[in-house]
Amino acid sequence: DSTKARILFLGTPDVAATSLKSIYEHSQTSNNCPYTLVGVVTQPPKRRKRGGSEIPSPVGFIAEELGLPILCPESARDVSFLEMLENNVKPDLCITAAYGQYLPKRFLSLPKFGTLNIHPSLLPRWRGSSPVQRSLEAGDTEVGVSVLFTVSKMDAGPIVSQHSMDIADNEQATTLLPKLFDIGTEKLLEALPKVIEGSITMETATKQDESLVVEANMIDSSEGQLHPSTMSAVQCHNRVRGFAMWPGTFIYIQIGDEGVESVKEPIKMKVIESRVLPEKVKPTNIIEIGPKKGDGLRLVCADGSVLEMRKVQPATRNVMDAKSFVNGLQGQTVRWLSVYDEKS
């Protein structure tokens, strides 16, 4: 239909695949929908299965299912990719959701209605690649999602709409991220008709206040290590929540009684689920299970605050609850180590 706006969707992970599906279904089922999806851009297939067949990204997989044309440029700067968009795809509007590549000026100047992005934070707070992880790590109780126009500078464009919500102390990135993308997709669908008719533009959208910018820097895998000697239970817990998807969080522990021959090499133990206990106690490096049925493992930080580890995963083992972990110890003592480097 030549009267409808031509939309190109760019995204890569699961949360973006869900957005793509919603946008597509909306275009098929709503009356007088002002747009049509003309293609999808996603990161090239990464892993190969045995037998050498490539596995598409989650967005690529859904796009195939929906019968949408797919482009997987190595870089969004590829000249042949940009020429293909200019000469064949001719998008009027682009939508990005966790695409994972920088979009050059030549790309951004293509669609007459601009490029809209779903970003899971209350911009200008948490600009960058890890907004949900950083907001949980910082202990934010209010989080949100923004729909904004994309400009050359990362996450700096004017805001079309924003939704904020309060979250519980134990909410993890794994559950929060999909929620925020679902809400962001709804907000985007609400705004689309106004963007296409021209009442919402780069000029009329809300400029961000540059003085309030907080960067959501990329996470380094080394940040997954918890340091109870210098961190409080709340800081440890917020990292467990924030880094639940990647890189995960861990401590080094030693099993066996001090000064005994049977003391084993330190092992790395992942902390999968935790909570903070209200009481403060005398600091100790011994990890013990709580007295009541269903209690977790108690890790006492150097400041006396207590992190209760509900689910853990010792190296080479499966995820387990506290009771299973303690049963496997056969009465041996467990200590957390404040300084341990695998290389040493």
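Just so it is clear, the values below take in all heavy atoms, side chains as well, and ignore hydrogens, waters and symmetry mates.
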Backbone N/O of Ile287 and side chain of Arg335: donor-acceptor pair under 3.5 Å: no

Salt bridge flag under 4.0 Å for residues Arg298 and Glu288: no

Pair Thr185-Ser19, side-chain donor/acceptor within less than 3.5 Å: yes

Donor-acceptor under 3.5 Å (Lys105 side chain, Ser152 main chain): no

Donor-acceptor side-chain pairing of Ser324 and Asn327 below 3.5 angstrom: no

Short side-chain to backbone donor-acceptor contact, Ser121 and Pro131, under 3.5 Å: no

Donor-acceptor under 3.5 Å (Ser232 side chain, Gln235 main chain): yes

Side-chain touch His119/Val145, heavy atoms, less than 4.5 angstrom: no

Side-chain donor-acceptor contact under 3.5 Å, Gln43 with Ser57: no

Contact check, side chains of Phe107 and Phe81, non-hydrogen atoms, under 4.5 Å: yes

Check: Ser22 main-chain N/O paired with Glu25 side-chain donor or acceptor under 3.5 Å: no

Heavy-atom check, side chain of Phe113 versus side chain of Cys94, under 4.5 Å: no

Geometric cation-pi criterion Lys268 and Phe250, 6.0 Å radius, 45° cone: yes

From Val276, Leu277, Leu299, residue fulfilling side chain to side chain contact (heavy atoms under 4.5 Å, CB included) relative to Val306: Leu277

Leu192 CG to Leu93 CG distance, which is reported to the nearest 0.5 Å: 6.0 Å

Heavy-atom closest contact (Ser130 atom, Met218 atom, distance): OG-CA, 3.7 Å

Same cluster (ILVMFWY, side-chain, under 4.5 Å), Val312 and Trp336: yes

Distance-only side-chain donor-acceptor flag, Asp140 / Trp126, under 3.5 Å: yes

Modelled atom types, side-chain donor and acceptor of Asp166 and Thr141, under 3.5 Å: no

Side-chain donor/acceptor of Glu223 to backbone N/O of Thr249, under 3.5 Å: no

Any donor-acceptor N/O pair, Asp78 side chain to Ser80 backbone, under 3.5 Å: no

Asn170 and His237 side chains, donor-acceptor separation under 3.5 Å: yes

Test item: side-chain donor near acceptor, Asp209 and Ser211, under 3.5 Å: yes

Point-to-point distance, once rounded to the nearest 0.5 Å, from CE of Met309 to CG of Asp295: 13.0 Å

Any donor-acceptor N/O pair, Lys280 side chain to Asp303 backbone, under 3.5 Å: yes

Arg241 (side chain) donor-acceptor with Asp169 (main chain) under 3.5 angstrom: yes

Donor-acceptor contact below 3.5 Å, side chain Glu197 vs main chain Lys194: no

SB check Arg134 Glu215 (cutoff 4.0 Å): no

Salt-bridge present (Arg127, Glu210; N to O < 4.0 Å): yes

